[in-house]
Amino acid sequence: MSYQTTTKDHAALAEAFIKDEERVDWHDGALWYIREKRDIASKGIPEWEELREAASQIKSNVISNLHDYLLQFEANLKKNGIVVHWADTPQEHNEIVYAILKAKEINQMVKSKSMLTEECGLNEYLEERGIGVINSDLGEYIQQIDNEPPSHIVLPCIHKRKEEIGELFHEHLGTEKGLSDPTKLTRVARKPLRNVFMPRRAALTGVNFAVAETGEYVVCTNEGNADMGAHLSEVQIASMGLEKIIPQKKHLGIFLRLLARSATGQPITIYSSHFKKPREGQEMHLILVNAGRTRQLGRPDFQNSLKCIKCGACMNTCPVYRKSGGLSYHNTISGPIGAILAPNLDMKRHADLPFASTLCGSCSNVCPVKINIHDQLYKWRQEIVKEGHASSTKVFGMKAMAWTLSSSDKLDKAGRAGRWFMQNVPFVVNNKLNPWYKQRDMPEGPKETFTEWYLRTNGD
Amino acid sequence: MTTREKILGEVLQNQPASLPLPDISRFQGNEPDVVQKYKTVFESIGGKVFLVDDFSTMKCLLRQHYDTSKRIATTLPELGFELISPDVDPHTYEDVELAIIRAHFAVAENGAVWLSDEVMGQRIIPYICQHLAVVVRAETIVPTLHEAYEIIGEGTYGFGGFIGGPSKTADIEQALVLGAHGPLSMAVFVMK
Ligand code: SF4
């Protein structure tokens, strides 16, 4: 099984998504509701802003001392009896997983939520080699049976309506037709998914935090699926990006207080599991994956993106994400953070993503580790234009913008010209050649600028 | 050059100049009534809290609230149910209706209890049972996670976890459903 790959850009994919206006409004509202829950949860903690600052500083310390922390983490993992592997590329990662399973003659594995293995295309790789993988997170399972990648890092099938899920369950789990009640759907999936864990001898999980000081790693879930898989398995595998390191155990206090509140407004995920040593008779493996992270580390403007703790808050708050849907980003990690991570992986292929933003800065305002997301989006645009990967309308727009902003006199003239156009010949702006006008009504332009108004009312 | 050396070499070359760790000792809770706070938070998550004086009151409550004709497994000999064995295949606990175990302590700000494999009987127990009941001593409840990690320290466990309520999902249209893969319900017996 492999996902349909696309050659369309964000704007074209978003256009398909926004055709269904009712769905877009619902999607927009559902994500905004989560953003509001995040606000309520964060306001319950008076020291919230200090926590964000501390988390950001801890992560700055991590990325600036990553070499030593990786060595410390590796040494402690070994002391704890966990086998450590290093993978430079997604291909190498997949080969390692395959070799571990092959050595044990295992041909079925259960996997809890892991964006990294989605990025690596692990399921497809293993399936081509005769190893079946089932995603056990309910949202990821739904995406898997629908042969689609996740559209959100925390809520993988947030773009789907319950009726569509009922249809999928009818087809794949044999449930009655027309079932669409979320409680009933979850309950009918409970039994077959619990049965998935029983015969599977291998379980793979992602990693939320890896503690250098103790050589343990923490996995956060709400469903309990990571634990069901791990504690029943003979072979437990964890895949993590290099940046998941935190220096000391006490730092978990900071990050676990921020993570779930930022993600869904919960005070903590239901399960925060600390894996340190294999149980009697079990094998534990941990794979440290690079896949472009060292390259991002070497880009001073973008290295802070490696602080991300994958809470999804920047997606929930982003007006473009909410209206265009995660799949329109054609990258495993979508939304604002996806748009600053993806160009590092393949600048040409993802050249459109940094432009899928209004640069309103809402993402940076909610980010629990204070990544300057919108600044990085702006910087990527310049980089992409410089490298010659931007489409011609965007290059023209950026150049015109830079020229207009370069002096207040030009800005004044441009503003006056813009208002004249809007008031006298709006069709010149509101036409099909202007991509901003699609699905939007241009507001009526004000009669005068602030400067004109100020001079008229105050100047003599 | 091995992959490991290649990656570490690139990290060393590309990492920026070292920045210091912040002092986080100022973070601490100041909750006057941690038991009440714990109860409010945990019940808002969908859990149930019982304040009890001893095991005999607890036993009465268990009989009232759970189907005791089904399989009940525990690590607490005081309760008189089947004792969890650390030596059997974990899969054999698949049909446990109710598991009753002790937690080291609980956290008021988020409703979570801390359990290590030393008190779980088997690692799978609190995740595989249909319903989970946990006993925690009232005086061990701490205000925030900062105090929690001070208590945990390095720890001698092989596995440990916070559990903050019944298993849940909101994957289908953001509708909250309790009981995804793990327990359908969770009760905490706070013992004075
Ligand atoms: S960039 Fe910040 S807000 Fe976005 S997912 Fe990462 S940590 Fe969360």
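Protein chains get the first letters and strands the later ones, always in sequence-line order, with residue 1 at the start of each.
When heavy atoms are compared at a cutoff of 4.5 Å, A/Gln266 approaches chain B solely by way of its side chain, counted from C-beta outward. For A/Tyr69, the part lying near chain B is the side chain, with the backbone staying farther off; criterion is any non-hydrogen pair under 4.5 Å. Proximity to chain B (any heavy atom under 4.5 Å) is shown, for A/Ile270, by both the backbone and the side chain. For A/Gln282, the part sitting under 4.5 Å from any heavy atom of chain B is the side chain, from C-beta outward, and nothing else. Only the side chain of B/Thr144 has a heavy atom closer than 4.5 Å to any heavy atom of chain A. Contact annotation for A/Ala87: only backbone heavy atoms (N, CA, C, O) come within less than 4.5 Å of a heavy atom of chain B. Heavy atoms closer than 4.5 Å to chain A are found in the backbone of B/Ala17, but not in its side chain. Looking at B/Tyr127, both its backbone and its side chain come within 4.5 Å of chain A, counting heavy atoms on both sides. Proximity to chain B is limited to the side chain of A/Gln303, based on heavy atoms less than 4.5 angstrom apart. With a 4.5 Å cut-off on non-hydrogen atoms, A/Ile142 touches chain B through its side chain but not through its backbone. Heavy atoms closer than 4.5 Å to chain A are found in the side chain of B/Ile24, but not in its backbone. With a 4.5 Å cut-off on non-hydrogen atoms, A/Leu306 does not touch chain B at all. Heavy-atom distances place no part of B/Leu115 under 4.5 Å from chain A, backbone and side chain included. Contact of B/Lys6 with chain A is made through the side chain alone, with heavy-atom distances under 4.5 Å. Contact of B/Pro16 with chain A is made through backbone and side chain together, with heavy-atom distances under 4.5 Å. Heavy atoms of B/Val177 lying under 4.5 Å from chain A belong exclusively to its side chain.
Remark: side-chain polar atoms of B/Asn14 are paired, donor with acceptor, to backbone N or O of A/Thr294 under 3.5 angstrom. At least one donor-acceptor pair closer than 3.5 Å links the side chain of A/Lys249 to the backbone N or O of B/Gly153. Judged purely by atom type and a 3.5 angstrom limit, A/Arg187 has no side-chain atom pairing as donor or acceptor with the backbone of B/Ala180. Between the side chain of A/Ser64 and the main chain of B/Leu19, a donor-acceptor pair closer than 3.5 Å is present.
Below 4.5 Å, heavy atoms of chain A meet heavy atoms from B/Pro90, B/His91, B/Glu94, all part of residues 78-104 of chain B.
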Test log, rule side-chain contact (heavy atoms from CB on, under 4.5 Å), inputs A/His274 and B/Trp114
CA-CA 11 Å; A/His274 300 47; B/Trp114 170 257; 3.6 Å; yes
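Taking A/Arg293, A/Glu280, A/Arg190 one by one and counting their heavy-atom pairs under 4.5 Å with chain B, the maximum is reached by A/Arg190. Most heavy-atom pairs under 4.5 Å with chain B: of the set A/Leu252, A/Ile63, A/Leu185, A/Leu242, this distinction falls to A/Leu252. Interface check for chain B: of the options A/Leu232, A/Leu66, A/Ile268, the most heavy-atom pairs under 4.5 Å are formed by A/Leu232. In terms of heavy-atom pairs under 4.5 Å with chain B, the best-connected choice from A/Gly281, A/Gly224, A/Gly298, A/Pro300 is A/Gly298. By number of non-hydrogen pairs under 4.5 angstrom with chain A, the leading residue of B/Leu178, B/Asn110, B/Asp23 is B/Asn110. Between chain A and the options B/Ala112, B/Gly111, B/Ala175, B/Pro20, heavy-atom pairs under 4.5 Å are most frequent for B/Pro20. Among B/Gly161, B/Ser167, B/Ser44, the residue making the largest number of heavy-atom pairs under 4.5 Å with chain A is B/Ser167. Taking B/Thr3, B/Leu21, B/Ile163, B/Val11 one by one and counting their heavy-atom pairs under 4.5 Å with chain A, the maximum is reached by B/Leu21. Note on A/Met198, A/Glu47, A/Gln57: by heavy-atom pairs under 4.5 Å with chain B, the leading option is A/Met198. Highest contact tally toward chain B, considering only A/Glu92, A/Lys160, A/His85, is held by A/Glu92 [criterion: heavy-atom pairs under 4.5 Å]. Ranked by non-hydrogen atom pairs under 4.5 Å with chain A, the options B/Arg26, B/Glu109, B/Glu147 are led by B/Glu109. Counting heavy-atom pairs under 4.5 Å between each of B/Gly164, B/Gly160, B/Pro166 and chain A puts B/Gly160 at the top.
Between the side chains of A/Gln248 and B/Tyr149, no donor-acceptor pair of N or O atoms lies under 3.5 Å.
The heavy-atom pair separating B/Glu154 from A/Lys276 by the smallest distance is O-NZ, 2.8 Å. Closest heavy-atom contact between B/Gly179 and A/Thr186: O-CG2, 4.2 Å. The minimum heavy-atom distance between B/His181 and A/Asn225, with the atom names listed, is CD2-CB, 3.3 Å. When every heavy atom of A/Tyr271 is checked against every heavy atom of B/Gly182, the shortest pair comes out as OH-CA, 4.5 Å. Taking all atoms of both residues into account, the shortest heavy-atom contact from A/Asn290 to B/Ile7 is CB-CD1, 4.0 Å. Nearest heavy atom pair, residue A/Trp26 against residue B/Glu173, reads CZ2-CG, 3.5 Å.
Summarising the geometry, atom CD belonging to B/Gln174 is positioned 7.5 Å from atom CG belonging to A/Leu31; distances are rounded to the nearest 0.5 Å. Annotation: the span from B/Thr169 atom OG1 to A/Glu223 atom CD amounts to 4.0 Å, rounded to 0.5 Å. To the nearest 0.5 angstrom, B/Leu8 atom CG is 5.0 Å from A/Leu71 atom CG. To the nearest 0.5 angstrom, B/Leu12 atom CG is 7.5 Å from A/Asp68 atom CG. Distance CG/A/Leu297 to CD/B/Gln13: 10.5 Å, rounded to 0.5 Å. Here the CD1 atom belonging to B/Ile152 is positioned 11.0 Å from the OG1 atom belonging to A/Thr214, to the nearest 0.5 angstrom.
Using the six-membered ring where Trp is involved, B/Phe159 and A/Phe275 have ring planes that are tilted, between 30° and 60° apart.
A/Arg279 and B/Asp117 are not joined by a salt bridge, as no carboxylate oxygen comes within less than 4.0 angstrom of a charged side-chain nitrogen. By the 4.0 Å N-to-carboxylate-O rule, A/Glu74 lies close enough to B/Arg4 to be salt-bridged with it.
Open room surrounds NZ on A/Lys184; 12 or fewer heavy atoms of other groups in view lie less than 6.0 Å from it.
Side-chain contact between B/Gln122 and A/His231: absent, with no pair of heavy atoms (C-beta onward) separated by less than 4.5 Å.
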